[in-house]
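In this chain, residues are counted from 1 in sequence order. All values derive from a computational prediction rather than experimental measurement.
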Amino acid sequence: MLTYLTNIWKCRYFWMSLVRMDLRTRYRRSLLGLGWSLLQPLAMTTVLCIAFQHFVQVKAQDYVTHLLTGMVVWNFILNSALQGCQCFFQGEAYIRQCPLPLAIYPLRTAIGAAFHFLMGLAVMAAVCAALRGVPSVEAIFSLIPTLLMLFAFGWSLAVLGGTANVYFNDTQHLAEVLFQILFYLTPIIYRIEDLGRHRLGAVLQWSPVVAFLNLVREPLLHLRPPTPGQFAYAALVVAVTAGLAAWLLSRLQKRLIFHL
């Protein structure tokens, strides 16, 4: 594994150029340019806040920050998974010509999604600081391992989605439906504590997405670092997802080219 990651790092100029090309292509001749990455979570937060605030018994400023943090984290996970389904097809020309590590192409997707996530994170942090206060230094530094684990999780999802979509071309369509369902089963537009004693609240506590939502919301909303248990659960989610992605890619990468 270390040798494989070293080979990926040696190709850093290649996959970074792919990321730059993706960003330039996406925002070419766009009026707002990168501003669209900021407008999308803000617009969705505004719409959902207007639609659902009266159903959630919480102050407006608390609900805005809860909703915004949920949307930013959710968008990163969603984009990593869905765009990752096409990562090997997008890199087909390079795969046929250069025997590079295949994990480069999901990495390309994850970095692009992470770029937009960091843009949203800046807005999210500013809004939370204005409405909830400035977190402590310890809480701010706790975001560093959170971001690293979240990126590893997104990269792993891109590997799983891309590999599955090569062998089963309906994977992306199926994932779109499943993520739409998962969105309403994730405490983004509501809080887990709002479910009261409902069994669904206990089940949602163990959702992989909730693990990362807690790591982001604790320092920004509650102004304190996450607990060791929250870090441990998120690390377990990353370890399982990354292990599955590494195993699947190692088993199928030699035959993947024949299915593109």
Side-chain angles (χ1 to χ4, degrees), residues 15 18-27 30 34 36-45 47-48 67-92 94-95 102-121 124 147 149-189 207-213 216 234 237-238 240-242 244-246 248-249 252-253 256 259-260:
W15 46 261
L18 292 180
V19 174
R20 287 194 296 268
M21 181 181 65
D22 291 340
L23 294 175
R24 289 173 181 170
T25 301
R26 178 170 181 174
Y27 295 112
S30 173
L34 296 176
W36 287 111
S37 62
L38 304 177
L39 182 61
Q40 196 273 344
L42 290 175
M44 288 299 300
T45 298
V47 172
L48 292 175
L67 191 56
L68 182 59
T69 52
M71 289 300 305
V72 172
V73 174
W74 173 260
N75 284 340
F76 170 74
I77 296 174
L78 180 67
N79 291 333
S80 297
L82 295 186
Q83 295 178 13
C85 290
Q86 295 295 325
C87 64
F88 293 120
F89 290 108
Q90 291 176 345
E92 180 179 357
Y94 303 106
I95 294 175
L102 290 184
I104 284 176
Y105 305 101
L107 177 61
R108 167 192 184 180
T109 300
I111 293 177
F115 177 82
H116 294 95
F117 171 75
L118 292 177
M119 297 286 288
L121 179 63
M124 178 175 63
L147 297 179
M149 288 192 291
L150 187 59
F151 178 77
F153 182 64
W155 187 7
S156 302
L157 289 180
V159 172
L160 294 174
T163 305
N165 198 47
V166 169
Y167 288 87
F168 181 64
N169 292 336
D170 289 333
T171 297
Q172 183 173 359
H173 304 294
L174 181 61
E176 289 174 353
V177 175
L178 293 178
F179 271 98
Q180 187 173 9
I181 296 173
L182 182 61
F183 176 81
Y184 292 101
L185 293 178
T186 303
I188 296 175
I189 60 178
S207 170
V209 179
V210 173
F212 298 101
L213 288 177
V216 173
V237 171
V238 172
V240 172
T241 310
L244 180 59
L248 187 64
L249 194 60
L252 302 178
Q253 65 176 353
L256 186 142
H259 296 269
L260 291 175

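Annotation: side chain of Leu18 is not in contact with side chain of Gln90 (no heavy-atom distance under 4.5 Å). Residues Ile189 and Phe183 are in side-chain contact: their nearest non-hydrogen atoms beyond the backbone lie under 4.5 Å apart. Looking at Phe76 and Leu157, their side chains never come closer than 4.5 Å, going by heavy atoms from C-beta outward. Using a 4.5 Å cut-off on side-chain heavy atoms (C-beta onward), Phe115 and Val19 make no contact. In this structure the side chain of Ile77 reaches within 4.5 angstrom of the side chain of Phe179, judged on heavy atoms. Looking only at side-chain heavy atoms (C-beta outward), Val209 and Ile188 stay at 4.5 Å or farther from each other. Here the side chains of Thr69 and Val73 are not in contact, with every heavy-atom distance at 4.5 Å or above. With a 4.5 Å cut-off on side-chain heavy atoms, Asn75 and Phe117 do not count as touching.
Contact record, Phe151 with Ala114: CD1-CB, 3.9 Å, taken as the closest heavy-atom pair. Of all heavy-atom pairs between Leu82 and Ala175, the closest is CD2-CB, 3.7 Å. Counting all heavy atoms, side chain and backbone alike, Ala245 lies closest to Leu160 at CA-CD2, 3.6 Å. Scanning both residues, Val210 and Pro187, for their nearest heavy atoms gives CG2-CD, 3.5 Å. Here the closest heavy-atom approach between residue Cys87 and residue Pro106 is recorded as SG-CG, 3.8 Å. Shortest non-hydrogen contact noted between Pro208 and Phe153 is CB-CZ, 4.5 Å.
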Checklist entry - Which is it for Leu121 and Leu147 under the side chain to side chain contact (heavy atoms under 4.5 Å, CB included) test, yes or no, and what are the steps along the way? => result CA-CA 10 Å; Leu121 179 63; Leu147 297 179; 4.0 Å; yes
Item to check | Trace of the side chain to side chain contact (heavy atoms under 4.5 Å, CB included) decision for Leu78 with Gln180 | outcome: CA-CA 10 Å; Leu78 180 67; Gln180 187 173 9; over 6 Å; no
Next on the checklist: What verdict does the side chain to side chain contact (heavy atoms under 4.5 Å, CB included) test give for Asn165 and Phe89, after you've listed the backbone C-alpha separation in whole Å, the side-chain angles of each residue and the deciding distance to 0.1 Å?
Outcome noted: CA-CA 9 Å; Asn165 198 47; Phe89 290 108; 3.6 Å; yes
Next on the checklist: Let's go through Arg108 and Asp22 carefully: what are the C-alpha distance in whole Å and the side-chain angles of both, what is the deciding distance for side chain to side chain contact (heavy atoms under 4.5 Å, CB included) to 0.1 Å, and is it a yes or a no?
Outcome noted: CA-CA 9 Å; Arg108 167 192 184 180; Asp22 291 340; 2.7 Å; yes
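Shown here are the side chain to side chain donor-acceptor pair (under 3.5 Å) partners of Glu92, two or more places apart in sequence or in another chain: Arg96.
Leu213 contributes atom CG, which lies 9.0 Å from atom CG of Leu150 (distance to the nearest 0.5 angstrom). To the nearest 0.5 Å, atoms CG (Leu252) and OH (Tyr167) are separated by 4.0 Å. Residue His173 holds its NE2 atom at 9.5 Å from SG of Cys85, rounded to the nearest 0.5 Å. Note that CZ of Arg20 is 10.5 Å distant from CD1 of Ile111, once rounded to the nearest 0.5 Å.
A parallel orientation is assigned to the rings of Tyr105 and Tyr94, their planes being inclined by less than 30° (bins at 30° and 60°).
Put simply, the side chain of Trp155 gets close to the backbone of Ala103: a donor and an acceptor are under 3.5 Å apart.
Residue Gln253 forms a side-chain contact (heavy atoms from CB on, under 4.5 Å) with just one option from Leu102, Thr163, Ile95, and that option is Leu102.
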